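The basis for the numbers below is simple: all heavy atoms, side chains too, and nothing from hydrogens, waters or symmetry mates. Worth saying up front: this structure is predicted, and the values here are computed from it rather than measured. Within every chain, numbering begins at 1; the chains are lettered A, B, ... in the order of the sequence lines, protein sequences first and strands thereafter.
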Amino acid sequence: MAELTLVEAVNDALHTELARDADVMVLGEDVGRAGGVFRATAGLLDRFGSDRCVDTPLAEAGLLGGAVGLCMAGWRPVVEMQYDAFSYPCLDQLITHVGRYHWRTGGRMEFPLTIRMPYGGGVRAPELHDDSPEAYYVHTPGIKVAIPSTPADAKGLLAAAIRDPDPVVIFEPKLVYRTARGEVPEGDYVVPLGKARVAREGTDVTLIAYGAMVNVCELTADALDVSCEVIDIRSLRPLDEETILASVAKTGRVVIVHEAPRTAGFGAELAALIAERAIFDLQGPVLRVTGYDVPYPYWTIEDAYMPSVERVSAAVRKLVQ
Amino acid sequence: MAELTLVEAVNDALHTELARDADVMVLGEDVGRAGGVFRATAGLLDRFGSDRCVDTPLAEAGLLGGAVGLCMAGWRPVVEMQYDAFSYPCLDQLITHVGRYHWRTGGRMEFPLTIRMPYGGGVRAPELHDDSPEAYYVHTPGIKVAIPSTPADAKGLLAAAIRDPDPVVIFEPKLVYRTARGEVPEGDYVVPLGKARVAREGTDVTLIAYGAMVNVCELTADALDVSCEVIDIRSLRPLDEETILASVAKTGRVVIVHEAPRTAGFGAELAALIAERAIFDLQGPVLRVTGYDVPYPYWTIEDAYMPSVERVSAAVRKLVQ
Amino acid sequence: MASTEALVTHGLAESDLLELYRRMVLLRTYDERSVVYHRQGRIGTYAIFWNHEAIQAGATFALSGDDWIFPSYRESAIGLVRGMPVETILQWWRGHPSGWWNPADWNVASIAVPIATHVPHAAGLAWGKKLRGLPTVAMAFFGDGATSEGAFHEGVNLAAVMNAPAVFVCNNNQWAISTPIEAQTRAETLADKAVGYGIPGVRVDGLDVLAVYAAAREAVERARSGGGPTLIEAVHYRAAPHATADDPRAYIDQARVEEERARECLGRYEDVLKNAGVLTVERAEAVRKEAEDLLRAGITAAEAEAPADPDLLFRNAYVDPPGNMRNG
Amino acid sequence: MASTEALVTHGLAESDLLELYRRMVLLRTYDERSVVYHRQGRIGTYAIFWNHEAIQAGATFALSGDDWIFPSYRESAIGLVRGMPVETILQWWRGHPSGWWNPADWNVASIAVPIATHVPHAAGLAWGKKLRGLPTVAMAFFGDGATSEGAFHEGVNLAAVMNAPAVFVCNNNQWAISTPIEAQTRAETLADKAVGYGIPGVRVDGLDVLAVYAAAREAVERARSGGGPTLIEAVHYRAAPHATADDPRAYIDQARVEEERARECLGRYEDVLKNAGVLTVERAEAVRKEAEDLLRAGITAAEAEAPADPDLLFRNAYVDPPGNMRNG
Ligand SMILES: Cc1ncc(C[n+]2csc(CCOP(=O)(O)OP(=O)(O)O)c2C)c(N)n1
Ligand SMILES: Cc1ncc(C[n+]2csc(CCOP(=O)(O)OP(=O)(O)O)c2C)c(N)n1
Ligand SMILES: [Mg+2]
Ligand SMILES: [Mg+2]
């Protein structure tokens, strides 16, 4: 075990997976010479050479489309999108090809590619360095999506994604890239997709979150004298419905938290799941604390946009009153 | 009043709006010489000239990005995307610019553009002519979204969109382009955004849908001896929450129907709204009947993908048992 | 533009010339029969490639079987040149799941419906094979309209930068549905676009199968020997509707179309072969009959197949599907 | 490449030459102070444009006030040439809402953060103004890396096809963060890309402000007189980090950078003016002092401004907001 930050754990996973499997390669803008703008890919170029750690032209659709072709040639590409909002040019390739090509081959050819990107707000950056685009990705058939909140999960989920036979997108919460620190198993380490993590047990209210919002929920649990169960979803697709439903059955009260805009965000899917499968367990409304349906704001007021301990607390109080 | 098909009503709206306001122009692939692949723009080139009805190069991002610039020059562009899935290349412009530029000018410059496109399945077409991408659009801040199901609404909502000061996306259900027929007011006619339509009153179960699925819900209501209220959402953003909540308060039972894949589709948002605001009105789970989380299928089996009277009926029966 | 004469004496044996003829006839027959099948309601909407056969047969003739082909919908039947069964392609147009093949079985990628988005795939495959030390070339087909898309730009640029062994064949039929080439680009030629990627651009008569072959062979040789990608512009004129659903009378000059139809590529090649004494009337008849028989057997086989199992909705979506995939 | 001599005697009055100098000094001062302000924690991450001033000042000097400028983040302060207050731009980098302006007030579009996506906006504006019979020209700035993006391709092509009066200025500083130009393109020059759009492509020394001006003037005149767009490649070399957050030592040869810094554009223009007898040491000092004063006043004004009202989250999102917008 080593104590690593979240972004160091990502780097560790890449080193481990490239060493383990000669078919794995990393490509993206500035992933090579610079080792990535967050240094997530540091050391890969020197260690694995310029065939397996590739600085591509500045073209996200070409990058992801190129990765589709690399899969056809037997590679397992790990594509970095430099930032959340700069992944949008690749959505066309994602929706029309990455999510459909396995189906299109009658289920006969595999596209085991991984897309990873830093995401989320709160980092005092110019616009479009703050987005939480997971809903676009998770709504897309054929795609799997995972979001770690701890260094160990950042390593384990990325390893699972790289080994998975289907395309997987990993969103890494950049707000806690360097502040989330924790023990990370050395060498081979996989956290299977599809298993939520009960970050904290509790009995009165279930707080459901992922990414940097897990920490906000834990801080809320600390701050309140209400027994909160905090569930870190980790894997949005496949989704661990059982863990969620078991917690709701126990507490009967739910607050869902994410940074992304509210309308048709992933929180809506979680609320819909509960409204369908746990309606008779509920003792109150299913509440969401989310980003707003507005452009991500000027950074001096971004704290008013981001779900906070105050906002989550207010939702919890509404339920336990 | 004239009896028109849905696509004729779209064409009527465009003729009316271009005649009414000299700032309105139409652009897209094949909208001019051919009058659109569905003839939605027929006659515009001859009547309004090639400055106001423009065949553009085959480039959806350039098309929408160009429309942003046209707004800056004082135009009100109406952009046609030829098909649902061929709009994906424009998502980057949509998310990074169309939804944000008004905000980016400190709320001082307006971007009154309209995007319209045929959408949805069931038309026995090759792949990527069948998608229901509304969730990608409605999740995007700064954007409004409407989906007509009748010819009159197709005219009135498109007129509202064109006159609206914000960017609006209209999805036109191509499955009923020529089969939905109805009276359409001549000349100026606006159906305001943000008002749902109670397509049919009922007391036992609320069926909520939009686009071609409204008809499926009405047929279900016909087929069952259960009193179904059918709500045609029409406007996804702004959303008429009151009409939905009032119906749920009356029936206590809800089935939400859409063609798009289930996970994080707009149905999830509707279920989440109900789970938050109407939880104590509910007498059963909130059910969704949707497309599946799979690539839209080979067309000989597409009927198994599309929500059908059978599937909606089964959901209703589950609730009233 | 290259001339045919050079080619007849240049590298192609008589058997090659005849095989090329056979492929053109097969494609032509596939296309003509498909239009009929569509009218008869036996296949769905169909994208006609009549008079594009010289480009498709000529360019792919320069490939080895290990090389990959990336077709657009306009080259839906290009797998025929690799021996793909007629019924497979017919089933694609019939919306039957057995029309979807494994690209690795034929080294023919899936039919690309969204314009130009397969161009980066070809770049990636060519690059990926090169990284593995293999001599594989990737050849992508697309139209004149496709050159306006960002995906074309990004894909060709990627291939150029990676020095990937790719050949990009632009079928310039001068129309994108109703949009003429002048509304698509201001460039004098589409081959000119190669300059911006630092790769060779070649313009060739798209109705001259031997000229297309020659240009493709040079490009394939360059690619295989480490010289990187080439852009080939095969110029002709769309002499049929865009697809069965299209009525071009609204936008095209029918007189010009008739003129173009008179210059069609298959008859032209037939004349070349006959003048060179390579093809007899009987041989031509036999080739045509063989193709017609193949088509007849193909549609019979397609129609004889059992309807698709609706469970295929789910079976091909993921290798390892999420548990809730069947919820709806 | 054009030479400076021609220009000194070509069309520019002494007052013009000095105004151009003033603008360069203002931009340089803005940039150098901003790096300091960043270090002092007074502004956020900042994209340095040191030694890009000749391109920004030179190209925009060819515009009239009615013409529009479409900057990328690398030209964040380009509004200064139009008289935009220093504090507006500083506030942008401070994340304060008063850093966001109305483009129509200055005919300067918003700073484009996502690479190349503003290129179609410039095409659309130029086309839209032309449709209204106005003589407006749109000038867009972007980097060498931007030319790889599909949005660049689609935007320039749109402008070309619509014969829109647009001027596309590529700041080729030979790096996109850590990616050198050789990994971006295989083309010999970026101006070569113009060929594929059927428009003129011009290569110019990006450190020679008069050469940039001359190329821009020609392009603007062509655009205004109905000749359509031009692509200008202004060549130089990035002699500063990409941004304050970037440490280029990992990927760049520092010796080369030092060499480039020695050839920086402002001193070079100063020498030209001094040799021509247009600029005295005192005048230069006065211009510099004026710029420094402006910056000092700007940062003071920015810092004096009240913190932003969090309600601005909602106030600028829609003209006519949906009722549930404030739910969260
Ligand atoms: C991204 C995308 N946009 C639009 C379409 C609709 N569409 C189908 S064919 C076509 C024209 C294509 O023209 P061209 O590239 O010249 O090829 P051709 O059909 O002439 O072979 C269009 C616009 C599409 N398939 N994909
Ligand atoms: C679409 C997009 N992808 C990635 C980025 C991240 N990014 C910011 S600057 C930059 C390099 C840009 O290089 P170039 O176009 O040469 O302009 P320069 O910075 O040299 O002025 C990158 C990749 C972005 N802003 N937008
Ligand atoms: Mg064409
Ligand atoms: Mg650069």
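Of the possible donor and acceptor atoms, none in the side chain of B/Arg277 sits under 3.5 Å from a partner among the backbone N and O of B/Ile274. Panel note: side chain B/His129, backbone B/Pro126; a donor-acceptor pair is recorded below 3.5 Å. Within the 3.5 Å criterion, the main-chain N or O of B/Leu287 finds no donor-acceptor partner in the side chain of B/Lys318. Between the B/Gln283 side chain and the B/Arg253 main chain, no donor and acceptor come within less than 3.5 Å of each other. One N or O on the side chain of A/Arg100 and one on the backbone of A/Ile95 form a donor-acceptor pair closer than 3.5 Å. In this structure a side-chain-to-backbone donor-acceptor pair under 3.5 Å is missing from A/Glu229 to A/Thr206. For B/Ser235 (side chain) and B/Leu193 (main-chain N/O), no donor-acceptor pair under 3.5 Å exists by modelled atom type. The main-chain N or O of B/Glu29 is found under 3.5 Å from a side-chain atom of B/Gln82 such that the two form a donor-acceptor pair. At distances below 3.5 Å, not a single donor-acceptor pair connects side-chain atoms of B/His258 with backbone N or O atoms of B/Thr290. Under the 3.5 Å distance criterion, the side-chain polar atoms of A/Arg262 are matched with a main-chain donor or acceptor of A/Arg288.
Considering only heavy-atom pairs separated by less than 4.5 Å from chain A, the leading option among B/Pro295, B/Cys90, B/Ala271 is B/Pro295. The choice from A/Leu91, A/Leu128, A/Leu270, A/Leu94 that makes the most heavy-atom pairs within less than 4.5 Å of chain B is A/Leu128. If you tally non-hydrogen atom pairs under 4.5 Å between each of B/Ala260, B/Gly291, B/Ala278, B/Ala275 and chain A, the highest count goes to B/Ala275. Counting heavy-atom pairs under 4.5 Å between each of A/Trp103, A/Tyr296, A/Tyr88, A/Phe86 and chain B puts A/Trp103 at the top. In terms of heavy-atom pairs under 4.5 Å with chain B, the best-connected choice from A/Pro133, A/Gly284, A/Pro297 is A/Gly284. Of the listed residues (B/Ala85, B/Gly142, B/Ala264, B/Ser87), the one with the most heavy-atom contacts under 4.5 Å to chain A is B/Ala264. Contact count against chain A (heavy-atom pairs under 4.5 Å) is highest for B/Ala268 among B/Ala268, B/Ala272, B/Gly267.
Residue-level contacts of residues 237-248 of chain A with chain B, in order of numbering, are A/Arg237; threshold 4.5 Å between heavy atoms.
In this structure, chain B has a heavy atom under 4.5 Å from the side chain of A/Glu127, while its backbone stays farther away. For B/Val294, the part lying near chain A is the backbone, with the side chain staying farther off; criterion is any non-hydrogen pair under 4.5 Å. Heavy-atom distances place the side chain of A/Phe280, and not its backbone, under 4.5 Å from chain B. Proximity to chain B involves both the backbone and the side chain of A/Thr140, based on heavy atoms less than 4.5 angstrom apart. Looking at A/Arg104, the atoms closer than 4.5 Å to chain B (heavy atoms on both sides) all sit in the side chain, from C-beta outward. Contact annotation for A/Leu236: neither backbone nor side-chain heavy atoms come within less than 4.5 Å of a heavy atom of chain B.
A/Asp293 and A/Thr263 form a side-chain donor-acceptor contact under 3.5 Å, judged by distance and modelled atom types alone.
Under a 4.0 Å N-O distance rule, the pair B/Arg124/B/Asp130 does not qualify as a salt bridge.
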